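Along the sequence shown, the residues carry numbers beginning at 1. Fair warning: this is a prediction, and the values are worked out from it, not measured in the lab.
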Amino acid sequence: MLVRDAMSTVVLTIGPAHTLRQAARLMSARRIGAAVVHDPDTCGLGIITERDILNAIGSGQNPDRETASAHTTTDVVFAAPAWTLEEAAEAMTHGGFRHLIVLDDNGPVGIVSVRDIIRCWAPARRRTVAAAGSA
């Protein structure tokens with residue numbers, strides 16, 4: 001199975017000046033755990049996740065003053081839609097993160113998370129276990 005089969009095509013893109021509260025509201029409204037941060041001044045893409053926001057607030061930072069840019073991961077590992085789920089899982093495991101921005105030639109087309117991969121792998125595992133049990 002490929003990343004394109006598992007990825008969410010709901011890509012929330014925010015700017016670096018969004019506050020953490022604004023980012024959290026937008027992510028919560030869409031029921032997603034990460035947002036792409038696009039900085040038009042640098043033409044760069046980064047990612048901010050629910051964990052980034054949680055860590056900032058947990059350390060006492062003000063979510064109405066802190067901006068996304070201060071909490072964005074900018075050295076991002078990107079996935080291609082044609083990657084296998086195994087390649088995506090390996091990249092996540094190696095990098096210690098739970099989300100990959102999926103890029104094609106035109107830019108971000110999705111985000112794939114550990115949850116997306118598990119959602120795809122779980123039915124296949126059930127079929128394998130059922131087939132082994134009937135043998």
Side-chain angles (χ1 to χ4, degrees):
M1 193 167 252
L2 302 178
V3 165
R4 76 169 51 90
D5 303 319
M7 71 183 189
S8 169
T9 56
V10 176
V11 180
L12 172 62
T13 302
I14 64 172
H18 277 80
T19 66
L20 293 184
R21 184 175 310 279
Q22 290 169 325
R25 274 194 191 124
L26 292 167
M27 289 163 60
S28 178
R30 288 165 180 79
R31 300 177 49 95
I32 56 176
V36 173
V37 181
H38 177 251
D39 187 344
D41 294 334
T42 64
C43 296
L45 293 177
I47 190 168
I48 189 165
T49 67
E50 59 203 353
R51 183 175 290 169
D52 297 324
I53 295 169
L54 181 68
N55 287 340
I57 293 171
S59 70
Q61 296 178 3
N62 185 330
D64 294 311
R65 289 198 189 115
E66 289 294 313
T67 61
S69 65
H71 301 277
T72 298
T73 299
T74 55
D75 82 358
V76 180
V77 175
F78 298 100
W83 276 19
T84 66
L85 293 185
E86 289 81 6
E87 289 173 304
E90 176 63 30
M92 289 179 192
T93 301
H94 180 73
F97 44 80
R98 298 178 299 156
H99 298 86
L100 287 168
I101 299 171
V102 183
L103 293 181
D104 71 5
D105 295 335
N106 299 318
V109 293
I111 292 184
V112 65
S113 70
V114 170
R115 180 178 293 169
D116 296 326
I117 293 171
I118 291 170
R119 193 175 297 128
C120 289
W121 281 349
R125 171 127 171 81
R126 280 194 298 272
R127 285 191 301 273
T128 302
V129 169
S134 64

(message) Working to the nearest 0.5 angstrom, can you tell me the gap between Met7 CE and Leu100 CG?
(response) 12.0 Å
Result block: side-chain N/O donor-acceptor pairs under 3.5 angstrom for residues 47-55, not counting sequence neighbours:
| from | atom 1 | to | atom 2 | distance (Å) |
| --- | --- | --- | --- | --- |
| Thr49 | OG1 | Arg51 | N | 3.4 |
| Thr49 | OG1 | Asp52 | N | 3.3 |
| Thr49 | OG1 | Asp52 | OD2 | 3.2 |
| Asp52 | OD2 | Thr49 | N | 2.8 |
| Asn55 | ND2 | Arg51 | O | 3.4 |

(request) Quick one: closest heavy-atom pair of Ala23 and Ile14, and the distance? (result) CB-CD1, 3.8 Å
(message) According to a hydrophobic-cluster definition based on side-chain heavy atoms being under 4.5 Å apart (Ile, Leu, Val, Met, Phe, Trp, Tyr only), do Met27 and Val114 belong together?
(response) no
(request) Taking all heavy atoms of Gln22 and all of Ala17, pick out the closest pair and write down the distance. (result) OE1-O, 4.3 Å
(request) Would you indicate whether the side-chain heavy atoms of Arg31 and Val10 approach each other to under 4.5 Å? (result) no
(message) Please report the interatomic distance CG(Leu2) to SG(Cys120), rounded to the nearest 0.5 Å.
(response) 10.0 Å
(request) Could you tell me whether the side chain of Ile111 reaches within less than 4.5 Å of the side chain of Ile32, counting heavy atoms only? (result) no
(request) Report the distance from atom OG of Ser8 to atom NE2 of His99, rounding to the nearest 0.5 Å. (result) 9.5 Å
(message) Once rounded to the nearest 0.5 Å, what's the spacing between atom OG1 of Thr93 and atom CZ of Arg98?
(response) 12.5 Å
(message) Within this structure, what is the CD-CD distance for the pair Glu86 and Glu90, rounded to the nearest 0.5 Å?
(response) 10.5 Å
(request) Look at the side-chain heavy atoms of Ile, Leu, Val, Met, Phe, Trp and Tyr, link any pair under 4.5 Å apart, and say whether Met1 and Trp83 land in one connected group. (result) yes
(request) May I ask you to decide if Pro63's main-chain N or O and Glu66's side chain share a donor-acceptor pair within less than 3.5 Å? (result) no
(request) Establish whether Phe78 and Phe97 are linked, either directly or via other cluster members, by ILVMFWY side-chain heavy-atom contacts under 4.5 Å. (result) no
(message) Looking at His18 and Gly15, would you say the former's side chain and the latter's main chain have a donor-acceptor pair under 3.5 Å?
(response) yes
(request) Only counting residues at least two apart or in another chain, list the ones meeting salt bridge (Lys or Arg N to Asp or Glu O under 4.0 Å) with Asp116. (result) Arg119
(request) Please report the shortest heavy-atom distance between Pro16 and Thr67, naming the atom on each side. (result) O-CB, 3.4 Å
(message) Testing the basics here: between Leu85 and Ala6, what is the closest heavy-atom pair and its distance to 0.1 Å?
(response) CD2-CB, 3.7 Å
(message) Met92 vs Val112, test: side-chain contact (heavy atoms from CB on, under 4.5 Å). Steps then yes/no.
(response) CA-CA 10 Å; Met92 289 179 192; Val112 65; 4.0 Å; yes
(message) On a heavy-atom basis, which atom in Ala89 and which in Trp121 lie closest, and how many Å separate them?
(response) CB-CH2, 3.8 Å
(request) State plainly whether one hydrophobic cluster holds both Val76 and Val11, where clusters connect Ile, Leu, Val, Met, Phe, Trp and Tyr through side-chain heavy atoms under 4.5 angstrom apart. (result) yes
(message) Restricting to non-hydrogen atoms, name the atom on Ala56 and the atom on His71 that form the minimum distance, rounded to 0.1 Å.
(response) CB-CE1, 3.5 Å
(request) Evaluate the side-chain proximity of Leu103 to Pro108: yes if any heavy-atom separation is below 4.5 Å, no if none is. (result) yes
(request) Answer with yes or no whether the side chains of Thr74 and Thr72 bring together a donor and an acceptor at under 3.5 Å. (result) no
(request) Group every Ile, Leu, Val, Met, Phe, Trp and Tyr by side-chain heavy-atom contacts under 4.5 Å, then state whether Ile117 and Val77 land in the same group. (result) yes
